[in-house]
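Residue numbers run from 1 in the order of the sequence given.
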Amino acid sequence: MTDLTDLIQPLTIVVLIAGFAGFLLWLVSYHGTWLVATIRKWLFTTDHQRIGLMYIATGLLFFFIGGIYATLIRTDLGTVQGLGLDPQTTLGITPDVYSTLFTMHGVLMIFMFVMPTLAGFGNYLVPSMIGSKEMALPRINAIAFWMLPPAGVILILSNAYAGWTGYVPLSLESFGPNPYGVDLWVLGLHILTISTMLGSVNFLVTILKHRAPGVHYWNMPLFVWATLINSVLLIFALPSLSIALTFVLSDRNFGTHILASVNGTPLGGALLYQNLFWFFAHPEVYVMVLPAFGIISTVLPKLARKDIFGYGAMAIALGAFAVLSFAVWEHHMFVTGISTDVRFVFMLATFAVAVPSAVKVFNWIATLWGGRIWMAIPMWFCLAFITGFVIGGLSGLFLASIPIDYLYHGTYFVVAHFHYILLGGTLMAIFAGIYFWFPIWTKRWYNQSLGQVHFLLTYVGVNLLLFPMFILGAEGMPRRVYTYLWTGNFQALNFLSSLGAYILGIGQLVFAFNMIYSYYGGDPVTSDDPWGEELSVRMSGPADPLPAGRPTPAPVPTAAAVEAP
């Protein structure tokens, strides 16, 4: 007799396909001409503004998908176990299910949300900021974007279980119910790597060769500097990831034993993979932060009615991040037994990262000092970015110390540190950028009250979600585990953390409603520069002195002058 539970998944797929087909038939029947025109306009476009908006929309879609995985994890750890229940008999979360949730959350958030969204801002803004009509390679730009959606689908279908880092030997094993999950995971990441490399080369060529007359390196907007350096980081870091993933694929399918345990030396393969992975992944952290620096350095001075303070120091600090990011990857491996001399060098290099970080934070504060600050919603998110980045950076100094890292490395302290950088930092910058450029993209204002509610829920949610993790880590709760001992404050702190996750999630639903509603029904923008006033504000660097008789260069285009597509 057939078990009805075996038919649930295929029946669900059939219903979804039939429903989508019916929706398309209805759309074609009543809106055929409009549908064809819209598809042609967006599907085949090479316009950098439209491609940038598609990058941002795709990133936000995967932000919600990745957030679902995170909510399931926090529901298990905080609500179910926080109340003393068994996750295997309530949510059905076994160690294998947890590994899949953990893996897919990390991969989707990093590779399908943060990176594409920041690339979208780059696509939309960089050509206009340097006075170029288009990206240097517009068709390559379109190809790079259209590689994203299939890669995201492949990653979701993979249901990989090896953690977002894919450490060996776990990633070399074939898990019974999902033997090809890691293979699909590697395929999706390879596609994303190619897409990102194409985009990075395009940004480099555009910025280096397509600047308008009068736009020099030392008067480019800092967002352009951030995008330029970000592209260099990706071009040098991504090959390391590709090599590591290719080794995994080869060991799994061709028996090459490059990373597999062979001749009684399993540790050697694991260390080789970790070195290759972190040589990519630590610069990747700055890849996810540098464009956010550029967004903040654009929005904050505009709303403070001042030039950015210390333009030259800010640009040099971006370059310092690029250099140091390739000199600190070994601090992820302090507990692997490598030489003390090697660890000491990497500890000093990690401490050195605090210098450019402090330069940027103090310069942002100095920009605010004495300004006529417009406390609009983007400014609130700028201030939230600064506070979140400071907390994340200071907690990183703890982990940079070898003896302290021995205590905290495998604990939730690391989870809190990393997520403060991304949620307390990059996410806040992305929201600042969206709220700042939304009236320029759509020619409509969003609902201010809903925007304030979104900020409040997001800021409270992020801090309530993450700060208890510092205490959990200090008390010894390990990370990357699906369950934990019911001892000390573990249950209460996990419950608080999960409560923060729910608050954060509700805030994002408010954000989505506000954006969709305002796109159709928001108040119209009546000014070419929604954030402007009579006082002229320069958002670029200092102008170069001109020799006598030389014509005045063309003004550097600002973000506020960008026209909607």
Side-chain angles (χ1 to χ4, degrees), residues 55 58-59 61-62 65-66 100 102-119 137 139-175 178-204 230-260 269 272-285 287-288 329:
Y55 264 114
T58 302
L61 172 63
F62 280 93
I65 296 174
T100 299
F102 163 70
T103 302
M104 298 313 301
H105 163 67
V107 171
L108 293 179
M109 284 301 200
I110 291 173
F111 294 100
M112 292 304 302
F113 164 54
V114 175
M115 292 179 65
T117 305
L118 295 175
L137 307 167
R139 294 191 179 186
I140 296 295
N141 198 28
I143 292 172
F145 167 75
W146 285 111
M147 296 176 79
L148 279 180
V153 172
I154 291 173
L155 287 175
I156 292 175
L157 293 178
S158 74
N159 274 332
Y161 47 84
W164 78 272
T165 57
Y167 276 178
V168 299
L170 181 60
S171 59
L172 301 180
E173 298 177 1
S174 292
F175 176 57
N178 186 21
Y180 304 109
V182 173
D183 296 324
L184 286 174
W185 178 74
V186 171
L187 173 62
L189 290 179
H190 272 320
I191 295 173
L192 288 174
T193 299
I194 296 170
S195 168
T196 306
M197 289 291 284
L198 292 175
S200 300
V201 171
N202 208 352
F203 278 125
L204 273 181
N230 194 60
S231 301
V232 173
L233 285 178
L234 286 168
I235 288 173
F236 281 97
L238 281 171
S240 181
L241 175 66
S242 297
I243 292 169
L245 294 177
T246 302
F247 284 169
V248 170
L249 207 60
S250 180
D251 279 8
R252 286 177 57 86
N253 296 282
F254 306 121
T256 52
H257 295 288
I258 300 171
L259 301 173
L272 173 59
Y273 179 86
Q274 287 187 43
N275 275 288
L276 289 171
F277 178 83
W278 286 115
F279 187 79
F280 149 78
H282 199 84
E284 170 71 6
V285 173
V287 165
M288 294 187 287
W329 83 89

Donor-acceptor contacts under 3.5 Å from residues 186-201 side chains, at least two apart:
from   : atom 1 : to     : atom 2 : distance (Å)
His190 : NE2    : Thr246 : OG1    : 3.4
Thr193 : OG1    : Leu189 : O      : 2.8
Ser195 : OG     : Ala144 : O      : 2.5
Thr196 : OG1    : Leu192 : O      : 2.8
Ser200 : OG     : Thr196 : O      : 2.8

Check whether the side chains of Thr100 and Asn159 place a donor and an acceptor atom closer than 3.5 Å, and report yes or no.
->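 Thr100 vs Asn159: no donor-acceptor pair found between side chains.
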Does a side-chain heavy-atom distance below 4.5 Å link Phe62 with Leu148?
->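 In short, these two side chains do not touch, never coming nearer than 4.5 Å.
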Just wondering, do Glu284 and Leu234 contact through their side chains at under 4.5 Å, heavy atoms?
->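 Of all side-chain heavy-atom pairs linking Glu284 with Leu234, at least one is under 4.5 Å.
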Within the 6.0 Å centroid threshold, strictly below: Phe247 and Tyr273 =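 Judged by ring-centre distance (under 6.0 Å), Phe247 and Tyr273 do not meet the cut-off.
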So, using side-chain contact (heavy atoms from CB on, under 4.5 Å) as the criterion, who are the partners of [X] when residues are at least two apart?
| X | result |
| --- | --- |
| Asp183 | Tyr180, Leu249, Arg252, Asn253 |
| Leu61 | Ile65 |
| Val232 | Leu204, Phe236 |

Inter-residue atom distance Thr103.OG1 - Leu155.CG, 0.5 Å rounding |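 Taking OG1 in Thr103 and CG in Leu155, the distance rounds to 11.0 Å.
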Enter the distance from Ile156:CD1 to Leu184:CG here, rounded to the nearest 0.5 Å.
->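 That separation rounds to 12.5 Å.
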Can you list, pair by pair, the side-chain donor-acceptor contacts under 3.5 Å of residues 106-119, counting residues two or more places apart and other chains?
from   : atom 1 : to     : atom 2 : distance (Å)
Thr117 : OG1    : Phe113 : O      : 2.6

Check [X] against [Y] and note the closest heavy-atom contact, atom names and distance.
| X | Y | answer |
| --- | --- | --- |
| Val182 | Ser171 | CG1-O, 3.5 Å |
| Gly181 | Ala160 | O-CB, 4.1 Å |
| Thr165 | Trp278 | CG2-CZ2, 4.1 Å |
| Tyr161 | Asn178 | CE2-O, 3.5 Å |
| Trp185 | Ser158 | N-CB, 3.6 Å |
| Ser231 | Phe203 | OG-CB, 3.3 Å |

Which residues share a side-chain hydrogen bond (donor to acceptor under 3.5 Å, both in side chains) with Asn275, sequence neighbours left out |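 Once residues adjacent in sequence are excluded, the partners of Asn275 under the side-chain hydrogen bond (donor to acceptor under 3.5 Å, both in side chains) criterion are Trp329.
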